[in-house]
Amino acid sequence: MNQKIKAMIVDDEPLAREGLIMRLQTNEHIDIIASCASANEAKLTIAQLMPDVIFLDIEMPGMSGIDLARWLQANVEGTCKIVFVTAYREFALNAFDFEAFDYLLKPFADERLEACVGRLIKLQQEGELAQKHRELDELVVSKTGNSLNAFMQNLETAVPGRVTEMQKTISLKSGTEWLRVKLDSIFWIEAAGDYMCVHTQEGTHIIRKTLKQFQDELDSMLFKQVNRSAIINTAKLSKLTPNSNGEYMALLSSGDSVKVSRKFKLLFDELSNHS
């Protein structure tokens, strides 16, 4: 998730505000943007700060939490969620009249608060994902004239040969840059700690990806795993040379030699029989 959840706390009890702030601050997804001692004080800051969620006490002198929730419904546009926080169970029905996101009954356990925050995070992530989908859909429409769904359907039903250009390349993120690399330029791929080294005709690209992710993206008929940490492009294989321990060394057209362990030797039986 890229954006933190902007949270506001409204409670007339100082210790209650401070305690809730301390508990919420332990979560990296929450950003406490304001803490108010009354509903009237909160009214002055809500429109300016536009919180994503308000942790709102109900019983307060003067304007109550219910009154503030009613004012929010009538005067503030947006998707601000309300989590009522109160020591009085009888207010629960009133809370749900305002479509409250949650209702925390004081004193509440850390697990109960974590469950509430977890639901907030999930909803935020789903909203961000939906926004990214809308942005991608707008981009596809601007480039192709079709919606994203229509574009995907066209790909699924495309006549062989019309998407060959896409099939011949792979997108790789190197640092902050996205690269479009031709599959034919890749000699081999090796794991190096948490990173992968993609050896190509243009040079070596350091990519943060797993071997399994590469296996899922690449053509398994062309790219073969040869040991626990390496995949080779069989189109770049010049010859296989056996070792005394039953393993092979795969010599690539780049001049690199890559070990083929006994576990993966069967994948190359057909190739070795023709070498």
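In this chain, residues are counted from 1 in sequence order. This is a predicted model, so every value here is computed, not measured.
Exactly one of Ile46, Asp57, Ile82 qualifies for a side-chain contact (heavy atoms from CB on, under 4.5 Å) with Leu68. That residue is Ile46. Among His205, Lys236, Glu190, the one residue that satisfies the side chain to side chain donor-acceptor pair (under 3.5 Å) test with His199 is Glu190. For the side chain to side chain donor-acceptor pair (under 3.5 Å) with Trp188, the qualifying choice from Thr200, Asp256, Asn233 is Asp256, the only one to do so.
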From CA spacing to verdict: side chain to side chain contact (heavy atoms under 4.5 Å, CB included), Ile58, Tyr103: CA-CA 10 Å; Ile58 293 180; Tyr103 186 92; 4.1 Å; yes
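Note that Lys209 lies outside the cation-pi zone of Tyr195, set by a 6.0 Å cut-off to the ring centre and a 45° limit from the axis.
For Glu41, the side-chain hydrogen bond (donor to acceptor under 3.5 Å, both in side chains) test picks out no residue, with sequence neighbours left out.
Among all heavy-atom pairs drawn from Phe84 and Ala69, the shortest one is CZ-CB, 3.8 Å.
Side chain of Lys224 to main chain of Ser220: a donor-acceptor pair is present (N/O by atom type, distance under 3.5 Å, no hydrogens or angles). Although no hydrogens or angles enter the test, the distance criterion places a donor-acceptor pair under 3.5 Å between the side chain of Arg17 and the main chain of Asp11. Although no hydrogens or angles enter the test, the distance criterion places a donor-acceptor pair under 3.5 Å between the side chain of Asn227 and the main chain of Lys259.
Between the side chains of Gln124 and Gln3, no donor-acceptor pair is found at a separation under 3.5 Å. Ser38 and Asn40 are not linked by any side-chain donor-acceptor pair at a separation below 3.5 angstrom, with hydrogens and angles left out of the test.
Side-chain contact between Trp71 and Met63: present, with at least one pair of heavy atoms (C-beta onward) separated by less than 4.5 Å.
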